[in-house]
S.K.: 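Got a structure for you, written out below as structure tokens; questions coming shortly.
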Amino acid sequence: MQMPEKGADAGSADAVDLEHLVSALGARSIVLVGIMGCGKSTVGKRLASRLGLEFVDADSEIERAANMTVSEIFAEHGEPYFRSGEERVIARLLQEGPQVLATGGGAFMSETTRDEINANGLSIWLKVDFDTVMARVRRRSTRPLLRNPDPEGTMRKLMADREPVYAKAKLTVTSKDVPHEAVVDEIVLTLADHLFGPGQSNVS
Ligand code: S3P
């Protein structure tokens, strides 16, 4: 577990007492929400390792439980089937905190899931702009919702529909196209402000 660095600037992520931060979470999970490609898994893994917590990816857990990929579940059983499995798996995972939990981009659209997250977690919306997200998702073809003739149009519509709901997350961190560790720094500072009060990051 990382302790605040001697001489670290007040207000920098290095000044945050991470042990204190994790104990302030209690059993709550840090739950990352946001659109496909916003960095929930890549940033989430680094955040978990910074905090000394487990990282859990809800989509991977769904795949493990179903013994199928997300694409196969969509193709063979349809989206509503996937969504009900997603609700159940996330509700179960939320009983296993504290941890860093990355959710699939549609998970937070479910009111049931939002209530579960509010009760057992601390939600963070990783907000990212359209161009950054499109550049990232173009590199991989594993997302069933974007496998159609107009992935850009689909993404624009998904972002327009979902952003007002993602905005209901307790905290928002803008995930720019910067190194992942910089986003982790921003999350640590945002968490410290929320849990300890602004500017109180290294008070034990
Ligand atoms: C989805 C996002 C995906 C996955 C599924 C549906 C969505 O997760 O859950 O393809 O509805 O936005 P990622 O956000 O991790 O890509």
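Both counts, for ligands and for their atoms, begin at 1 and track the order of listing. The shown structure was predicted, so the numbers you read here are calculated from the model rather than taken from an experiment.
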S.K.: Counting only heavy atoms closer than 4.0 Å, does ligand 1 sit against the backbone of Arg162, its side chain, both, or neither?
M.R.: side chain
S.K.: Counting non-hydrogen protein atoms only, what is the nearest one to atom 3 (C) of ligand 1? Give residue, atom name and distance.
M.R.: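 Heavy-atom neighbour on the protein nearest atom 3 (C) of ligand 1: Asp59 OD2, 3.5 Å.
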S.K.: Partners of Thr42 by side chain to side chain contact (heavy atoms under 4.5 Å, CB included), sequence neighbours excluded?
M.R.: Arg46, His180
S.K.: Once you restrict to heavy atoms under 4.0 Å, what part of Arg143 touches ligand 1? Side chain, backbone, both or neither.
M.R.: side chain
S.K.: Give the atoms of ligand 1, by number and element, whose distance to some non-hydrogen atom of Pro144 is under 4.0 Å.
M.R.: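 In order of number, 10 (O).
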S.K.: Are the side chains of Leu25 and Leu53 in touch, meaning some heavy atoms are under 4.5 Å apart?
M.R.: yes
S.K.: Between Arg114 and Val165, is any pair of side-chain heavy atoms under 4.5 Å apart?
M.R.: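 Side chain of Arg114 against side chain of Val165, heavy atoms only: contact under 4.5 Å found.
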S.K.: Just to confirm my output: which protein heavy-atom neighbour is closest to atom 2 (C) of ligand 1, and how far is it?
M.R.: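 I find the closest protein heavy atom is Gly105 N, 3.3 Å.
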S.K.: Distance under 4.0 Å to a non-hydrogen atom of Leu145: what atoms of ligand 1 satisfy this?
M.R.: 7 (C), 11 (O), 12 (O)
S.K.: Got a salt bridge between Glu152 and Arg138, using NZ or NE/NH1/NH2 to carboxylate O under 4.0 Å?
M.R.: yes
S.K.: Show me which atoms of ligand 1 lie under 4.0 Å from any heavy atom of Phe82.
M.R.: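 Once the distances to Phe82 are compared, the set is 9 (O).
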S.K.: Can you say whether the rings of Tyr166 and Trp125 are parallel (under 30°), tilted (30 to 60°) or perpendicular (over 60°)?
M.R.: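 Tilted, since the angle between the ring planes falls between 30° and 60°.
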S.K.: Note the single closest protein heavy atom to atom 5 (C) of ligand 1, along with its residue, its atom name and the distance in Å.
M.R.: Val70 CG1, 3.8 Å
S.K.: Identify, for atom 14 (O) of ligand 1, the protein heavy atom at the shortest distance, and state residue, atom and that distance.
M.R.: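 Residue, atom and distance for the closest contact: Lys40 NZ, 2.7 Å.
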S.K.: Looking at Arg50 and Asp185, does any basic side-chain N land under 4.0 Å from a carboxylate oxygen?
M.R.: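 Yes, charged N to carboxylate O under 4.0 Å.
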S.K.: So which bit of Leu158 gets within less than 4.0 Å of ligand 1, heavy atoms only: side chain, backbone, both or neither?
M.R.: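 Neither part.
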S.K.: Test of understanding: with side-chain hydrogen bond (donor to acceptor under 3.5 Å, both in side chains), list the residues that count as partners of Thr113, not counting sequence neighbours.
M.R.: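 Here the qualifying residues are Ser110.
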S.K.: Which atoms of ligand 1 are found less than 4.0 Å from any heavy atom of Arg83?
M.R.: 6 (C), 7 (C), 11 (O)
S.K.: Cationic tip of Arg156 within the cone over Phe130's six-membered ring, i.e. under 6.0 Å and within 45° of the normal?
M.R.: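 The answer is yes; both the distance and angle limits are met.
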